[in-house]
Protein chains: 2
Amino acid sequence: MSLPALTDRQRALLDHLASFVAKRGYAPSLQEIAHAFGFSSLQGVKDHLKALERKGYVRRRPGQRRAITLMGQPRPFATGVPILGRVPAGTPQLALEQYDERLTLDTATLGPGRHFALQVKGDSMIHAGIHDGDYVLVRQQDTAEPGAIVVALLGEDATVKYLRRRGRQVRLEAANPAYQPIPLHGHVPAPRILGRVVGLYRTFR
Amino acid sequence: MSLPALTDRQRALLDHLASFVAKRGYAPSLQEIAHAFGFSSLQGVKDHLKALERKGYVRRRPGQRRAITLMGQPRPFATGVPILGRVPAGTPQLALEQYDERLTLDTATLGPGRHFALQVKGDSMIHAGIHDGDYVLVRQQDTAEPGAIVVALLGEDATVKYLRRRGRQVRLEAANPAYQPIPLHGHVPAPRILGRVVGLYRTFR
DNA sequence: TGACTTACTGTATATAAATACAGTACCCTC
DNA sequence: GAGGGTACTGTATTTATATACAGTAAGTCA
């Protein structure tokens, strides 16, 4: 990993920074750090931060309050992805407000764009390794390239399917021969693509 | 238990907060938010924050700078789970220090204990929906109940297997009939259980 | 021995940023 | 048509917090 080694004290301060940020969602002030370590002066904190910055572990914005960014490998931050319980019928827009829970995931692994999670029901994608009860992570978009796994709204139900091109026709196909493919155009009700599946999350027991 | 609905403007501000924190590791100041939205005054920001706080999406510390904590359900505590690239041979202890990357997950979904992630190689658990290249989330423990999916060290390789009891014998079984079961006791080399699989993570493309 | 780094105390000053108060305008809905 | 919520502008004041300068003490290097 290659960053310069830290002294015990510097390591302790860095750990404190990380846990403070994880807990509060913002960086501590110099006085808060000093208080946590029992320092009666701020200069000690400044010295340590200067060392951490010189060694590449943190980055600061001069003059700004609490402006400490943790660098390095451990991705300091994560976003809460809303988990859609049920997709409401007939809504022109996806009601992302209507969620029960959130899944905390890394912003780096997610990539750009708006995301949501959806619990898979049924075994239509079991041959693609997507099981009943799994959560799929979906990047919100209304089109996708053939070959992608998408979440599509079919009437009232959101389903996970492959988007495949067969000659001139683009259609939604299950990864299970027991299910009939659905053409994207000319089907009633008309399928609407909600997004592309970019990840999968499952818990055991 | 969903939180009260937000107006478009409030949602936009909350999204801005989340992305700012994700990027910088600390919360924005009121003037930074005002600047980002093109406000010439701070009162608009204050009003929005007040609304977000009243609805339970954020929490602030009066008087303190940048002291905005995003509540919105997600991580009171997000942890970085180390991803083990390869399990080194012959080491008595698991060298958790020796990782390349980390996966950020929330502690609420993980549960207590030490965890690590491991990238699955091979198709021995394909019928359990665990595919080649998937990451399994493992809670570190040296025993497990029969029926659990475990990560075991077999010589130099870490393998993912079911732990099953057959009569008097406890053994490791693949979810693929092409693989032979391995008895937990009396096998050479002796299998060592590294932990129980508690989750699975996969990315597409 | 002296120069250098780490690890702080103590006091003082400057300022980034929160707070406060007074408005304007546009919805709603009762 | 009065009252409440949302969505701001504009100016002034206060303060939490960063910065600066001057030290002390111990350990390491050479």
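Both backbone and side-chain heavy atoms feed into the values below; hydrogens, waters and symmetry mates do not. Chain naming here is simple, since letters A, B, ... match the order of the sequence lines and numbering starts at 1 in each.
An OP1 or OP2 oxygen of D/dC8 is reached within less than 4.0 angstrom by a side-chain nitrogen or oxygen of B/R9. Between B/Q43 and D/dA7 there is no side-chain N or O to OP1 or OP2 distance below 4.0 Å.
Here the P atom of nucleotide D/dT6 and the CG atom of B/D8 are 13 Å apart, to the nearest Å. Distance CG (B/L13) to P (D/dA7): 10 Å, rounded to an integer number of Å. Summarising the geometry, the separation between CG on B/L30 and C1' on D/dT14 is reported as 14 Å, rounded to the nearest angstrom. A straight line from CG of B/D47 to C1' of D/dG4 spans 14 Å, rounded to a whole angstrom. In this entry the distance linking CZ of B/R65 with C1' of D/dA16 reads 4 Å, nearest Å. The CG-C1' distance, from B/L6 to D/dG5, rounds to 15 Å in whole Å. For the pair B/L49 CG and D/dA7 P, the interatomic distance rounds to 13 Å; values are reported in whole Å. Atom-to-atom, CD of B/Q10 to C1' of D/dA7 comes out at 10 Å; the value is rounded to the nearest Å.
Considering only heavy atoms from C-beta on, A/Y162 comes within 4.5 Å of A/I149 through its side chain. A/L52 has its side chain within reach of A/L6: a pair of non-hydrogen atoms, C-beta onward, lies under 4.5 Å apart. Contact check for B/L49 versus B/R60: side-chain heavy atoms found under the 4.5 Å cut-off. Two residues are said to be in side-chain contact when any heavy atoms from C-beta on lie closer than 4.5 Å; A/L14 and A/Y57 meet this criterion. At least one side-chain heavy atom of B/L17 sits less than 4.5 Å from a side-chain heavy atom of B/I68. Inter-residue side-chain proximity for B/Q140 and B/R196 is flagged as unmet; no heavy-atom pair is nearer than 4.5 Å.
Under a cut-off of 6.0 angstrom, the local environment of NE2 in B/H187 is crowded, with over 12 non-hydrogen atoms contributed by other residues, nucleotides or ligands.
B/R171 places no side-chain N or O within 3.5 Å of a backbone atom of B/L184 that could act as its donor or acceptor partner.
A distance of 9.0 Å separates NE2 in A/H131 from CG in B/L200, rounded to the nearest 0.5 Å. Going from atom CZ of B/R54 over to atom CD of B/Q10 covers 7.0 Å, rounded to the nearest 0.5 Å.
When all heavy atoms are compared, the tightest approach of B/V150 to B/A144 is CG1-CB, 3.6 Å. Residues A/H16 and A/A36 come closest through the heavy atom pair CE1-CB, 3.4 Å.
Here chain B contacts DNA chain C (any atom closer than 4.0 Å to a heavy atom, that is under 4.0 Å), and the contacts span C/dA16 to C/dA22 from 5' to 3'.
Shown for residues 35-42 of chain B: residues whose heavy atoms fall under 4.0 angstrom of DNA chain C, namely B/L42.
Within 4.0 Å (heavy atoms only), A/Q31 reaches at least one base atom of the nucleic acid. Using a 4.0 Å heavy-atom distance criterion, A/R54 is classed as a sugar-phosphate-only contact. Using a 4.0 Å heavy-atom criterion, one finds that B/E32 contacts no nucleic acid atom at all.
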Practice prompt. Whenever both distances are under 3.5 Å in a Watson-Crick or G-U wobble pair, mark it; put DNA chain C into dot-bracket that way, with [ ] for crossing pairs and | when the partner is on another strand.
Written response: |.|||||||||||||||||||||||||.||
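Between the side chains of B/Q64 and A/R65, no donor-acceptor pair is found at a separation under 3.5 Å.
The aromatic rings of B/F20 and B/Y26 stand perpendicular to each other, their planes meeting at an angle above 60°, with 30° marking the opposite boundary.
Residues meeting the ring-ring contact (aromatic ring centres under 6.0 Å, His included) test with A/F39, sequence neighbours left out: A/F37.
Screening A/K161, A/R166, A/R165 for a salt bridge (Lys or Arg N to Asp or Glu O under 4.0 Å) with A/E173, the sole residue that qualifies is A/R166. In summary, of the residues considered (B/Q119, B/R202, B/K121), a side chain to side chain donor-acceptor pair (under 3.5 Å) with B/D134 occurs for B/R202 alone.
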Below 3.5 Å is the cut-off: list the nitrogen or oxygen pairs between protein and nucleotides 25-27 of chain D, distance only.
none

Nucleotide N/O to protein N/O under 3.5 Å, stretch nucleotides 28-30 of chain D:
none

